[in-house]
Undergrad: 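Supplied in C-alpha cells, the structure appears directly below.
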Amino acid sequence: SGSSLLLKRNDNYWGEKGASKSIELKVITESANRAIELETGAADIVLDVSITDASRIEAAENLKLICGPSYRTTFIGLNLGKEETSNPKVREALAYALDIEALADAVYEQYGTIADSIMSNTVSGHKAVRNHEYNVEKAKALLAEAGYPNGLTLSGRCQTIVEFKTIAEVVQNMWADAGIKAEIQVLDKATYSEKGKENGGTNITVTAQTATTGDAYQAIGTIFSTNSTSGIINSSDKDLEHMIEEASGTYEDAERNKLYAEVQDYIVNNYYAIPVAFTSILTGTTNEVQNFVHSPANTPDLTNVYAYEK
C-alpha cells in the first residue's frame, strides 16, 4: 500500500554522479508488508525493519540485516496539562511501577538498550541520569499520598507502530499491579495527532523522538519546550523553558553539554517522561546491494549505492 517516486540520475550533473541509473522509492506503511517486499525481491532495500521480522531477514541466505545505533529514544510522555499527571507523585508512581529492564528486553530484545536519559547516548551532550527502580509497593504508597489510595484510571495514546503497541500492552499490565488502569488507544497517525489536541490531550503518550540532525535541541526542545505542538508533555514550566533556551543558545561545546546535562536531570527526575530504550536502526537489503552505509539519523545517503543484476 502507498505510493512511489522514481528518481532518475542526471548524467549532466557537474559533480559526482550517482551509482544507480534510477532509484524507485516506495511508501509502504506496514512493516510486515515492507518485509514481504524484500523477501519476494520486489524491493532491494527496506528501511525500518520491525523487530518481529528482523531474525527472519537475518537468517535468509539472500538477504542482509544491517543493525546500527540511532539518535532515537523511545519514552512514555506524561502530560503536565492533565489533572492526574500534573501531580508529581502520580508521575513518580508511574515510573516506580514499571520494570524498565523487563520492558526493554520484551520489546527490543538485542536491538535496543535501556535508556538512562531522555536523550540518546549517541547525541552530543547525553548524560546518564538514572535507572528507574522497580518498586510496586512504593508506587502504591505514592498514589495514596497523591490522593488515589484505590488507584486511578488514565487515558493514553500511541500510533500503530509495532513497538509502540507492544510497549503499551506491557506497561498496562505492569501498571495494573499498582492499581493504575491505563486506557491506551492505538491510533493511525492522523487520529493520534488529533487526539493530542482534544481536551488537552491524553495523560500518557507512548512514542519516540529522533534527533535527525544529531543535535540535543532536536532531541529535547521539540518535545519539552513550552511552545511544542506535539501535545505530549504540554509543559508550562518556565524554569525548564529557560534552561532549554540557555542550552540551545550556547555555542561552546563543553558549556552547552553541561547545560543539556542539567536539562536531562531536570526532565527525568521530575518525571516529565519515562525513558524506555535507546533503539537500533534495522535495515534490510538483498545481497546484491553494494555500498549501503548505516545512518544513525535513519536518512541514508544513496549516492553510491547500487545493486547487481539478479
Side-chain angles (χ1 to χ4, degrees), residues 1-13 15-72 74 106-112 122 158-169 186-193 206-210 212 277-310:
S1 63
S3 59
S4 65
L5 175 67
L6 180 63
L7 303 178
K8 294 184 178 180
R9 183 175 66 198
N10 178 6
D11 288 326
N12 295 318
Y13 181 61
E16 180 186 3
K17 295 179 177 60
S20 297
K21 291 182 179 180
S22 65
I23 296 176
E24 183 181 11
L25 305 176
K26 297 180 180 180
V27 178
I28 302 173
T29 56
E30 291 294 331
S31 58
N33 292 343
R34 290 197 298 274
I36 291 170
E37 289 277 303
L38 183 67
E39 291 168 318
T40 59
D44 297 298
I45 301 170
V46 168
L47 304 181
D48 293 324
V49 171
S50 169
I51 291 167
T52 56
D53 300 314
S55 59
R56 192 175 70 253
I57 290 173
E58 190 171 25
E61 292 184 0
N62 63 326
L63 303 177
K64 291 182 287 189
L65 181 72
I66 299 169
C67 176
S70 75
Y71 295 142
R72 185 173 183 266
T74 53
V107 177
Y108 294 104
E109 301 173 5
Q110 71 268 38
Y111 304 116
T122 57
C158 72
Q159 293 188 54
T160 56
I161 298 168
V162 173
E163 64 182 301
F164 296 163
K165 291 193 290 184
T166 307
I167 291 172
E169 291 169 5
V186 179
L187 307 167
D188 63 75
K189 188 172 183 178
T191 309
Y192 166 90
S193 297
V206 177
T207 188
Q209 176 68 354
T210 302
T212 52
F278 300 146
T279 63
S280 299
I281 290 174
L282 302 178
T283 305
T285 77
T286 63
N287 288 342
E288 289 76 19
V289 171
Q290 305 296 309
N291 298 336
F292 183 90
V293 178
H294 167 78
S295 161
N298 205 18
T299 54
D301 183 350
L302 301 179
T303 304
N304 297 312
V305 176
Y306 65 94
Y308 289 122
E309 293 286 342
K310 296 178 183 178

Undergrad: Say you draw a straight line from CG of Leu302 to CZ of Phe292; how long is it, rounded to the nearest 0.5 Å?
TA: 7.0 Å
Undergrad: Could you tell me if the side chain of Tyr308 sits less than 4.5 Å from the side chain of Asn287, heavy atoms only?
TA: no
Undergrad: Any sub-3.5 Å donor-acceptor pair from Ser20's side-chain atoms to Val305's backbone N or O?
TA: yes
Undergrad: According to side chain to side chain donor-acceptor pair (under 3.5 Å), who are the partners of Asp48, at least two apart in sequence or on a separate chain?
TA: Asn298
Undergrad: Could you tell me which non-hydrogen atom of Asp53 sits nearest to which non-hydrogen atom of Ser31, and how far apart they are?
TA: OD2-O, 3.6 Å
Undergrad: Using the test salt bridge (charged side-chain N to carboxylate O under 4.0 Å, His left out), find all partners of Arg72 that sit at least two apart in sequence or belong to another chain.
TA: Glu163
Undergrad: Sequence neighbours left out, what passes side-chain contact (heavy atoms from CB on, under 4.5 Å) with Leu187? Give chain and number order.
TA: Arg157, Gln185, Thr191, Tyr192, Lys195
Undergrad: Any heavy-atom pair between the side chains of Thr122 and Pro296 that's under 4.5 Å?
TA: no
Undergrad: Report yes if the side chains of Tyr306 and Asn291 come closer than 4.5 Å at any heavy-atom pair, otherwise no.
TA: yes
Undergrad: Roughly how far apart are Asp44 CG and Leu38 CG, rounded to 0.5 Å?
TA: 8.5 Å
Undergrad: When you look at NZ of Lys189, are more than 12 heavy atoms from neighbouring residues, nucleotides or ligands closer to it than 6.0 Å?
TA: no
Undergrad: Going by heavy atoms in the side chains, are Ile51 and Val162 under 4.5 Å from each other?
TA: no
Undergrad: Among residues at least two apart in sequence or on other chains, which ones pass salt bridge (charged side-chain N to carboxylate O under 4.0 Å, His left out) with Glu37?
TA: Lys26
Undergrad: Could I get the full list of side chain to side chain donor-acceptor pair (under 3.5 Å) partners for Thr210, not counting sequence neighbours?
TA: none
Undergrad: With sequence neighbours left out, write down each residue that passes side chain to side chain donor-acceptor pair (under 3.5 Å) with Asp11, or none if nothing qualifies.
TA: Arg9
Undergrad: For Cys158 versus Ala168, what's the shortest heavy-atom pair and its separation?
TA: SG-CB, 4.2 Å
Undergrad: According to side-chain contact (heavy atoms from CB on, under 4.5 Å), who are the partners of Asp301, at least two apart in sequence or on a separate chain?
TA: Thr303
Undergrad: Under the side-chain contact (heavy atoms from CB on, under 4.5 Å) test, which residues partner Ser193, sequence neighbours left out?
TA: none
Undergrad: What residues form a side chain to side chain donor-acceptor pair (under 3.5 Å) with Gln159, not counting sequence neighbours?
TA: none
Undergrad: Donor-acceptor pairs under 3.5 angstrom involving side-chain atoms of residues 58-68: please list them, not counting sequence neighbours.
TA:
residue: Glu58; atom: OE1; partner: Tyr111; partner atom: OH; Å: 3.4
residue: Lys64; atom: NZ; partner: Val289; partner atom: O; Å: 3.2

Undergrad: Could you check whether any side-chain N or O of Arg34 sits under 3.5 Å from a backbone N or O of Leu47, counting only pairs where one atom can act as donor and the other as acceptor?
TA: yes
Undergrad: Could you grab the distance from atom OG1 of Thr29 to atom CD1 of Ile161, nearest 0.5 Å is fine?
TA: 10.5 Å
Undergrad: Hey, what do you get for CD1 (Ile45) to CG (Leu25), rounding to the nearest 0.5 Å?
TA: 9.5 Å
Undergrad: Do Gln110 and Ser280 have side-chain heavy atoms sitting under 4.5 Å apart?
TA: no
Undergrad: Under the 3.5 angstrom rule, does the side chain of His294 hit a backbone N or O of Ser70 as a donor-acceptor pair?
TA: no
Undergrad: So, do Ile281 and Tyr71 sit near enough that their side-chain heavy atoms are less than 4.5 Å apart?
TA: no
Undergrad: Using side-chain contact (heavy atoms from CB on, under 4.5 Å) as the criterion, list what pairs up with Val293, not counting sequence neighbours.
TA: none
Undergrad: Looking at residues at least two apart in the chain, or sitting in another chain, which of them share a ring pair (Phe, Tyr, Trp, His ring centres under 6.0 Å) with Phe278?
TA: His126
Undergrad: What's the shortest heavy-atom distance between Glu16 and Asn304, and which atoms?
TA: OE2-OD1, 2.7 Å
